[in-house]
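What follows is one structure encoded as structure tokens, with my remarks underneath.
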Amino acid sequence: MKQFLREIPKVELHAHLNGSLNIESIKQLAEELYGEQTKEFAALCKRFIKFEEGAKMNDCFEKFGFVHELTATKRGLQRATELVIRDFAADNVIYVELRTTPKSNEKMSRRDYLQTVIDAIKSASKQYKIMVKLLPSINRGEPLAVAEETVALAVEFAQTEPDLIVGIDFSGNPNLGKFSDFTAVLSLARNNGLQLAVHCGEVDNPREIQEMLKFGMSRCGHGTYLTEADYAQLKEKNIPIECCLTSNVKSGTVANFNDHHFRQLMAADVPRVICTDDCGVFDTTLSDEFHWAMESFGLSRSQCVDLTVEAMKHSFATPQEKRIMQLLITERAK
Ligand SMILES: CNc1ncnc2c1ncn2[C@@H]1O[C@H](COP(=O)(O)O)[C@@H](O)[C@H]1O
Ligand SMILES: [Zn+2]
């Protein structure tokens, strides 16, 4: 079964760049940047993918800092982007939408950050024969001015790279910041033709969920704490929920795979897609996520293929790219 899941062409719609660097690639990157690894580094790597029983949302956010240190230079960021794309391709992912929060430091501006990621995507997507899109992220825990700079850059870069920069991701620690502070900047992105992928209802915050649903989005990240009525609304509008099983269980917002709202979404036929979120931090792959979905919810092989087709339809790919994906998927599923 695992081999079947690995071999089917897959479509990944929810992957944070720095969260998607897996542990072996982190080691490879560290070695390339700094040479032979120390014992301390090996211990840090072990701690990175270890989740204590009862881990909470905030614990999981501390982990990103570890990768951010390795990607704080152009060279590190470029290589990390290539390695992430290589690893998705190795799992037979044929199309991936990467999201990332442009960061600035003394060595790199946010513009440099985006340019570096764009250049690395262009070369790695060719090398590994995989379609890649980019969604610059707004981190809700950072000041509004940062979000404004990110959206301005995304709009500017989308003019020269319309097939690469396709949307904006709204993410970050859901316990920080207020969605209502970001509606004007998100509207600006939308009015400039960018799609919106919004982390919505990852934690229990009914008021914010209603604000987000009213504002609207192209795709809903997690949707864990949405009500039946909210799900019905998404179904009516054909907005899919990006389900990230391992992420939700390890970050403690869902008790276990069996209790995941994916079951409800399937039963009520609400649009849904299976994604990894942060396959590095959560030590998973898209094939593994399908595996857990099969084990927990009794999905058949053909349902897995159907879910891949569903992801293709909800992707921000061009009609031509969608046709290519459809061909690749049906070819393999014969
Ligand atoms: C676990 N659930 C989640 N919920 C919300 N935001 C998340 C997230 N997982 C990742 N991120 C967001 O993505 C960043 C890492 O990738 P980049 O540095 O942007 O490439 C995290 O710092 C956080 O802002
Ligand atoms: Zn996410």
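Note that ligands are numbered from 1 as they come in the structure, with each ligand's atoms numbered from 1 the same way.
- Atom 6 (N) of ligand 1 has its closest protein heavy atom at Gly172 N, 3.0 Å.
- Only side-chain heavy atoms of Phe282 come within less than 4.0 Å of ligand 1; its backbone N, CA, C and O stay farther off.
- In summary, Asp169 places no N/O/S atom under 2.8 Å from the Zn ion (ligand 2), failing the contact criterion.
- Here His222 fails the criterion, with no N, O or S atom under 2.8 Å of the Zn ion (ligand 2).
- Taking the six-membered ring wherever Trp is involved, the centroid distance between the rings of His222 and His261 does not fall below 6.0 Å.
- When each atom of ligand 1 is checked for a heavy atom of Asn18 under 4.0 Å away, the hits are 16 (O), 17 (P), 18 (O), 20 (O).
- For atom 16 (O) of ligand 1, the closest non-hydrogen atom of the protein is His16 CB, 3.5 Å.
- Checked for salt-bridge contact, Arg140 and Glu208 meet the test: a charged N lies under 4.0 Å from a carboxylate O.
- For atom 9 (N) of ligand 1, the closest non-hydrogen atom on the protein side is Asp278 OD2, 2.7 Å.
- Note: Phe297 and Phe257 fail the aromatic proximity criterion, with ring centroids not under 6.0 Å apart.
- When hydrogens are left out, the protein atom nearest atom 10 (C) of ligand 1 is Phe64 CZ, 3.2 Å; that is the closest non-hydrogen contact.
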*Go through Lys2 and Glu7 one step at a time and tell me if the salt bridge (Lys or Arg N to Asp or Glu O under 4.0 Å) criterion holds.*
CA-CA 9 Å; Lys2 283 208 166 169; Glu7 281 177 2; over 6 Å; no

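- Counting heavy atoms closer than 4.0 Å to ligand 1, residue Ser247 contributes side-chain atoms (C-beta onward) but none from N, CA, C or O.
- The single protein non-hydrogen atom nearest to atom 23 (C) of ligand 1 is Phe61 CE2, 3.7 Å, given as residue, atom name and distance.
- Ring centers of Phe41 and Phe66: under 6.0 Å apart, within the cut-off.
- With respect to atom 19 (O) of ligand 1, the closest heavy atom belonging to the protein is Thr101 OG1, 2.6 Å.
- Closest protein heavy atom to atom 4 (N) of ligand 1: Glu202 OE1, 2.8 Å.
- Of all protein heavy atoms, the one lying nearest to atom 1 (C) of ligand 1 is Asp277 OD2, 3.4 Å.
- If you look at Phe179 and Phe182, their ring centroids are not closer than 6.0 Å.
- His14 lies close to the Zn ion (ligand 2), since one of its N, O or S atoms is found at a distance under 2.8 Å.
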